Colleague: 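I have a structure here, written as structure tokens, and I will follow up with some questions on it.
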Number of protein chains: 2
Amino acid sequence: MSSATKALTLLSYFSTARPEIGLSQLCRIAERDKATTYRQLQALESVGFIEQNPATKQYRLGPALMQLAQVREATVPRKDGAKTVLRTLADRTGETAHVTVLSGTTLYGLCECESPHHGTRAVIDINTFPLHATASGVCALAFGPSNLHAVALENLDEFTANTPTTEAKLSELIEAVRETGISHSDQCYEIEIQGIAAPIFDHTGHLAGAVAVACVASRFTPELAHTIKTELLIAARDITHNWGGTIPRPIEQSWAKSLTKVTEQETAS
Amino acid sequence: MSSATKALTLLSYFSTARPEIGLSQLCRIAERDKATTYRQLQALESVGFIEQNPATKQYRLGPALMQLAQVREATVPRKDGAKTVLRTLADRTGETAHVTVLSGTTLYGLCECESPHHGTRAVIDINTFPLHATASGVCALAFGPSNLHAVALENLDEFTANTPTTEAKLSELIEAVRETGISHSDQCYEIEIQGIAAPIFDHTGHLAGAVAVACVASRFTPELAHTIKTELLIAARDITHNWGGTIPRPIEQSWAKSLTKVTEQETAS
DNA sequence: AACAGAGGTTCAATATATGAACCAATAGGG
DNA sequence: CCCTATTGGTTCATATATTGAACCTCTGTT
């Protein structure tokens with residue numbers, strides 16, 4: 001881990017829940033030395049990545065991030081192309097929808113949209129999604145570059161009793177997703193949360209990310225699952241299109257198959 | 001300069017004009033060693049600040065910036081509170097409007113809005129504003145913390161023939177701004193561009209940034225200047241309000257005085 | 001086939017990061 | 001009013017991570 005990486009990592013401790021952090025506090029959270037941390041904060045401040053609240057002496061994220069994010073979005077317009085679709089998805093399903101983007105071997109959260117339909121709802125409060133324990137992650141494993149597999153196996157943390165912590169279990173999940181084109185995580189990351197995800201592709205035909213719905217488990221019924229899957233596929237197509245990509249033929253075929261199957265089950269019951 | 005700072009500085013070479021940069025190209029632009037630059041890019045990529053376009057192998061800004069910017073805006077909502085005001089300002093003046101924020105001793109560009117009224121228009125393509133050579137910068141010097149002065153004097157680059165490059169000339173400008181509450185830069189940074197700026201304050205009563213209009217010099221008339229000043233003061237009040245601050249009494253008084261003076265001049269001519 | 005340019009890698013030299021201990025200032029408690 | 005426990009910030013010898021010239025490998029051009 002380079003010193004630059006270590007300094008940058010400090011930024012990840014800031015969140016909407018904890019927007020300002022003091023020096024000592026940050027040292028405790030990050031389990032770092034005070035002198036080092038202080039100097040790293042100075043370095044970050046000098047380039048505008050953080051700034052110090054003059055009143056409290058606490059640190060918070062800085063203005064340079066706004067510019068860079070603007071350039072990023074102008075370069076790779078992901079957020080704009082996802083936001084409206086996400087809102088529709090959240091609205092039609094009544095559950096929290098979110099989009100992740102794959103960069104290298106890491107799956108980053110891009111955008112989240114909660115539905116106002118229910119009082120209780122899932123809140124997505126993670127920055128990087130564990131590949132093995134989330135619907136979006138397994139989706140990436142199923143359709144993303146093959147080197148993701150090794151990365152996933154290196155980190156099989158057990159978040160809940162349902163988390164797949166063995167290669168066998170994970171491969172089984174991945175195989176199922178490859179067949180249906182839709183990923184389903186039954187409380188693998190968080191208890192009480194069911195996740196369903198579909199892949200998004202870029203103009204090169206590679207996996208660009210995933211769109212997912214996080215559903216409170218107690219509300220989860222076969223009917224809702226069907227609605228979510230239907231809407232999810234629409235959203236995945238729309239976002240893929242907005243990002244300038246196209247859904248690969250095999251994926252579209254597996255989607256067609258799995259949706260009719262679901263419908264048959266529905267009508268049978 | 002710490003190694004982290006050096007790595008972070010690489011990010012500033014990315015812009016909407018040059019969104020993707022290859023390794024060799026970046027080395028030339030930044031005048032850096034290839035091996036070092038490569039490792040720094042790796043470090044930046046590992047934390048999602050940049051990513052490599054798999055097709056071209058070129059680097060571009062990464063997705064982690066989007067999240068951080070989101071947290072920053074949730075923490076210190078600057079952009080939202082400026083955008084609509086800026087649009088109105090650009091619309092009513094017919095010129096390009098922009099907002100800068102002061103962080104430490106650096107003045108960062110936050111947001112820009114061009115007016116569609118004219119074919120030729122000013123484009124704000126800088127990230128950090130020189131304190132001595134821009135209307136916003138002199139505004140910050142006039143009403144910001146006193147330590148800015150020393151920073152400004154350390155860097156009196158001559159951009160045009162009009163740029164104030166001596167302490168005396170700069171002090172003269174600052175004094176004028178302190179009296180009128182409005183800063184005017186007559187082609188100090190870029191030839192053919194007139195800048196007019198007004199200060200913005202935060203809830204602690206300290207200077208938070210500036211709002212400015214960049215006007216193509218050939219269109220600049222006393223009438224337009226008057227319009228710009230009038231609208232600028234409205235914008236400064238609105239943004240200050242949106243950022244939870246208030247305009248200090250003395251500033252409001254100097255504004256009242258300088259606007260009536262301008263009006264007198266207008267009517268006299 | 002030879003060449004030029006790209007991205008990426010190696011290793012010794014050395015500049016840079018590190019952290020225990022230390023200061024100064026502030027806030028609360030007895 | 002002193003004592004203690006915080007805080008943010010600083011110092012300096014030590015040791016570790018950064019550096020860059022030279023090198024490799026691959027790709028497209030002449």
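Letters A, B, ... mirror the listed sequences (proteins, then strands); counts begin at 1. Keep in mind the model is a prediction, meaning the values are calculated, not measured.
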Colleague: Measure from NZ on A:K57 to P on C:dA24 and round the result to the nearest Å.
Modeller: 16 Å
Colleague: Below the 4.0 Å mark, does C:dG7 have OP1 or OP2 next to a side-chain nitrogen or oxygen of B:Y38?
Modeller: no
Colleague: Take atom CD of B:Q25 and atom C1' of C:dG5, then tell me their distance rounded to the nearest Å.
Modeller: 13 Å
Colleague: Taking only Lys NZ, Arg NE, NH1 and NH2, and the carboxylate oxygens of Asp or Glu, determine whether A:K57 and A:E20 approach each other closer than 4.0 Å.
Modeller: no
Colleague: Reckon B:Q52 touches a base, only the sugar-phosphate, or nothing at all at heavy-atom distances under 4.0 Å?
Modeller: sugar-phosphate
Colleague: Would you say D:dG20 has OP1 or OP2 under 4.0 Å from some side-chain N or O of B:T36?
Modeller: yes
Colleague: Under a 4.0 Å threshold between the charged nitrogen and the carboxylate oxygen, would B:R60 count as salt-bridged to B:E51?
Modeller: yes
Colleague: Under 4.0 Å between a side-chain N/O of B:S3 and OP1 or OP2 of D:dT19, yes or no?
Modeller: no
Colleague: Between A:Q40 and C:dT18, does any side-chain N or O lie under 4.0 Å from OP1 or OP2?
Modeller: yes
Colleague: For the residue pair A:T100 and A:L110, establish whether any side-chain heavy-atom pair is separated by less than 4.5 Å.
Modeller: no
Colleague: Please determine if a side-chain N or O atom of A:K34 lies less than 4.0 Å away from the OP1 or OP2 oxygen of C:dT18.
Modeller: no
Colleague: Would you say A:R39 reaches D:dT11's phosphate, i.e. side-chain N/O to OP1/OP2 under 4.0 Å?
Modeller: no
Colleague: Between C:dA17 atom P and A:R32 atom CZ, what is the distance in whole Å?
Modeller: 14 Å
Colleague: Take A:K6 and B:A35, find for each the nucleotide of DNA chain C with the closest heavy atom, and name the residue whose nucleotide sits nearer the 5' end.
Modeller: B:A35
